[in-house]
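Shown next, in structure tokens, is the structure this report addresses.
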Amino acid sequence: KRTVKQVMEKNQDPQFLIVKNDRNMYSGPQGGSYEDDLEKLEAIDASEYSEAWEAEFMREEALEMIPYLLVQGIIERADQLGGDGIERETDALVDFYDREILSPYYYGYSSDSGLAKYFIEATINDYEDQYFAEELEYAEDLFLLLEADIQEKVIDRIDRIGR
């Protein structure tokens with residue numbers, strides 16, 4: 001919302017879609033729909049919004065963005081790692097992210113889902129994308145919202161890349 005507001009007129013408010021209680025909800029006052037979606041979206045009732053809900057949403061997003069920090073650690077050490085080393089470190093980071101971050105902290109997470117591998121591989125694929133630097137910066141901002149023990153685990157693991 002902050003980024004969007006920077007380029008919008010001051011009297012506008014960006015719209016967004018959320019899913020709550022398995023219902024798609026639209027931030028506009030009457031609800032609405034997107035062009036490619038036939039489903040009618042319900043408006044978000046003020047009583048359904050809370051700062052606690054938003055804080056938990058941001059925390060989960062911060063956990064999902066950690067792969068940008070991990071992958072950046074590999075990128076910074078790519079020359080010293082070489083091809084085989086990059087592959088070994090990637091596998092090790094998937095294991096770390098799965099076992100140390102998602103399993104204990106991500107709501108309802110199961111290692112069987114393969115989500116850790118998906119997030120890491122998707123982030124590696126995004127490296128060539130023009131928006132990688134912006135996503136990395138966003139990940140760094142969100143990282144500061146996480147609990148100190150999570151931050152310490154991630155920083156320690158990044159420091160051990162290639163060692």
Side-chain angles (χ1 to χ4, degrees), residues 1-6 13-25 27 44-163:
K1 185 174 178 179
R2 181 179 67 238
T3 302
V4 173
K5 278 193 171 255
Q6 289 173 357
D13 199 26
Q15 303 300 309
F16 56 90
L17 171 72
I18 66 167
V19 177
K20 185 173 181 183
N21 300 327
D22 295 323
R23 291 183 356 227
N24 290 334
M25 302 177 77
S27 65
I44 298 170
D45 187 293
S47 67
E48 297 181 277
Y49 171 82
S50 71
E51 288 185 20
W53 174 86
E54 185 173 11
E56 183 57 29
F57 175 82
M58 294 303 290
R59 182 182 178 277
E60 284 190 14
E61 189 161 358
L63 293 171
E64 292 171 6
M65 296 298 287
I66 286 174
Y68 281 91
L69 306 172
L70 300 173
V71 167
Q72 181 64 21
I74 290 177
I75 292 166
E76 290 173 354
R77 295 169 182 86
D79 289 342
Q80 77 184 54
L81 291 171
D84 290 342
I86 290 172
E87 191 172 324
R88 277 191 308 276
E89 280 297 335
T90 299
D91 291 342
L93 290 181
V94 168
D95 181 58
F96 163 78
Y97 186 53
D98 179 67
R99 190 175 25 82
E100 298 292 328
I101 303 300
L102 293 181
S103 289
Y105 300 108
Y106 196 74
Y107 176 76
Y109 177 74
S110 166
S111 291
D112 298 334
S113 70
L115 194 60
K117 184 174 182 172
Y118 169 78
F119 278 142
I120 297 286
E121 288 179 355
T123 304
I124 290 169
N125 291 336
D126 285 350
Y127 176 66
E128 296 296 326
D129 188 338
Q130 64 179 348
Y131 300 109
F132 184 86
E134 290 177 28
E135 293 293 316
L136 178 62
E137 186 177 329
Y138 183 55
E140 290 168 346
D141 290 344
L142 289 177
F143 185 69
L144 299 175
L145 301 176
L146 292 171
E147 297 92 334
D149 61 324
I150 298 174
Q151 290 181 17
E152 290 170 16
K153 286 180 183 184
V154 172
I155 290 168
D156 180 59
R157 184 60 190 96
I158 291 170
D159 288 344
R160 290 186 290 117
I161 291 175
R163 294 183 190 170

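In this text, all values refer to a predicted model and were calculated from it rather than measured experimentally.
Between Leu102 atom CG and Leu115 atom CG the span is 6.0 Å, to the nearest 0.5 Å. A distance of 4.5 Å separates CD1 in Ile155 from CZ in Phe143, rounded to the nearest 0.5 Å. Glu87 contributes atom CD, which lies 11.0 Å from atom CD1 of Ile74 (distance to the nearest 0.5 angstrom). Atom NZ in Lys117 sits 11.5 Å away from atom CG in Asp98 (nearest 0.5 Å). In this structure, the separation between CG on Leu93 and OG1 on Thr123 is 11.0 Å, given to the nearest 0.5 Å. Note: Ile86 CD1 to Asp91 CG = 12.0 Å, rounded to the nearest 0.5 Å.
When each of Arg160, Arg163, Arg77, Arg157 is checked for a salt bridge (charged side-chain N to carboxylate O under 4.0 Å, His left out) with Glu89, only Arg157 meets the rule.
Partners of Glu76 by side-chain hydrogen bond (donor to acceptor under 3.5 Å, both in side chains), not counting sequence neighbours, listed by chain and number: Gln72. Residues forming a side-chain contact (heavy atoms from CB on, under 4.5 Å) with Glu54 (at least two apart in sequence, or on another chain): Tyr49, Met58. Under the side-chain hydrogen bond (donor to acceptor under 3.5 Å, both in side chains) criterion, Asp126 pairs with Tyr68, sequence neighbours left out.
Shortest non-hydrogen contact noted between Arg99 and Pro104 is O-CD, 3.3 Å. A pairwise comparison of heavy atoms in Val94 and Ala116 identifies O-CB, 3.8 Å as the closest pair. When all heavy atoms of Met65 and Leu142 are compared, the closest pair comes out as CG-CD1, 3.8 Å. In this structure, Val71 and Phe132 approach most closely via the heavy-atom pair CG1-CZ, 4.4 Å. Shown here for Gln151 and Leu145, the closest heavy-atom pair between the two residues is NE2-N, 4.5 Å. Here the closest heavy-atom approach between residue Leu69 and residue Glu140 is recorded as CD2-CG, 3.6 Å.
For the pair Tyr107/Leu63, no side-chain contact is recorded, criterion being any heavy-atom separation below 4.5 Å from C-beta on. Counting heavy atoms from C-beta on, the side chains of Leu146 and Ile66 come closer than 4.5 Å.
The environment of Glu51 atom CD is sparse: at most 12 non-hydrogen atoms of other residues, nucleotides or ligands sit within 6.0 angstrom. Under a cut-off of 6.0 angstrom, the local environment of CG in Asp79 is sparse, with at most 12 non-hydrogen atoms contributed by other residues, nucleotides or ligands. Surrounding OH of Tyr106 are more than 12 heavy atoms belonging to other residues, nucleotides or ligands, all under 6.0 Å away.
A distance-only check finds a donor-acceptor pair linking the side chain of Arg59 to the backbone of Tyr105 [under 3.5 Å].
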Checklist entry - For Lys153 and Asp149, what are the C-alpha separation, side-chain angles and deciding distance, and is it a salt bridge (Lys or Arg N to Asp or Glu O under 4.0 Å)? => result CA-CA 6 Å; Lys153 286 180 183 184; Asp149 61 324; 5.2 Å; no
